[in-house]
Amino acid sequence: MRLLPGFLDGDAQRALLARIRALLAEAPLYSPVMPRSGKPLSVRMSNCGPLGWLSEIGGYRYSGTHPLTGAPWPAIPAPVLDLWSRATGVAYPPEACLINYYGPDARLGLHRDEDEDAKGAPILSISLGDTALFRMGGPTRKSPTRSVHLTSGDCVVLEGPSRDWFHGVDRILPGTSRLLPEGGRFNLTLRRVTQP
Ligand code: SIN
Ligand code: MN
């Protein structure tokens, strides 16, 4: 993985947060459930872009519409598309922007991003708000892992072999950022879904 510490300065973080709030007014955060068990994830989610990633009792899938409102996802804001171009260097746009919100007790188990046809395209992750303890593994669930703190404004690019590696969020460190008055952390994950 490629870590871009402080890729967004304070002004850029505040501007991006305002865009996220506007998106969420249209496409509200909801609590997705785990496939099979139907247990709610601790992370709340929404999406923007032509395709949004869903975790449902029947499995994971991409959808053009919000599961609760039935409306098409709002477009990915231009400044976010610009971050994608600058951070990844690829010429094609992303199709999905997953918006994760982590409250103080939220976490995300070790997983791979594997629901996309565009296996060769990079993935960009953007962090805002409280610091996350992010765990990066390797090609198998048993591969050794390394942990890094992701702070507000940091970006991570998963590209090359790391595109398919296991990763997750062990925990959020409450009170580490003042960006979100309500506390917690937003993460945007930008992905190409169809073959560019
Ligand atoms: C994810 O892997 O979907 C999100 C990672 C993060 O929140 O940093
Ligand atoms: Mn992931």
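Order of appearance sets the numbers: ligands from 1, and atoms from 1 within every ligand. Excluded from the calculations below are hydrogen atoms, water molecules and symmetry mates; all remaining heavy atoms, backbone and side chain alike, are included. What you see is a predicted model, and the numbers here were worked out from it, not measured in a lab.
When only non-hydrogen protein atoms are considered, atom 7 (O) of ligand 1 lies nearest to Y102 OH, 2.5 Å. Looking only at protein heavy atoms, the nearest one to atom 1 (C) of ligand 1 is L108 CD2, 3.5 Å. For atom 8 (O) of ligand 1, the nearest non-hydrogen atom of the protein is R185 NH2, 2.9 Å.
The N/O atoms of D113, backbone and side chain alike, include none that comes under 3.5 Å of an N/O atom in ligand 1.
Checked against the Mn ion (ligand 2), the N, O or S atom of H111 at the shortest distance is NE2.
Under a 4.0 Å criterion applied to the non-hydrogen atoms of N100, ligand 1 contributes the atoms 3 (O), 4 (C). Taking every non-hydrogen atom of H167 and a distance limit under 4.0 Å, the qualifying atoms of ligand 1 come out as 2 (O). Proximity to V169 (heavy-atom distance under 4.0 Å) selects the following atoms of ligand 1: 6 (C), 7 (O), 8 (O).
Between D113 atom OD1 and H167 atom NE2, the angle centred on the Mn ion (ligand 2) amounts to 100° (nearest 10°).
Looking at V156 against ligand 1, nothing comes within 4.0 Å, counting heavy atoms.
In summary, E116 and R163 engage in a salt bridge, as defined by a charged side-chain N under 4.0 Å from a carboxylate O. The pair E159-R191 fails the salt-bridge criterion, with no side-chain N (NZ, NE, NH1 or NH2) lying under 4.0 Å from an Asp/Glu carboxylate O. The pair D115-R61 does not count as a salt bridge, with every side-chain nitrogen at least 4.0 angstrom from each carboxylate oxygen. Remark: R185 does not engage D130 in a salt bridge, criterion side-chain N to carboxylate O under 4.0 Å.
Between I126 and C155, the shortest heavy-atom distance links the atoms CG1-SG, 3.9 Å. When every heavy atom of V157 is checked against every heavy atom of S162, the shortest pair comes out as O-OG, 4.4 Å.
For the residue pair S85/D82, the side-chain donor-acceptor check at 3.5 Å is not satisfied.
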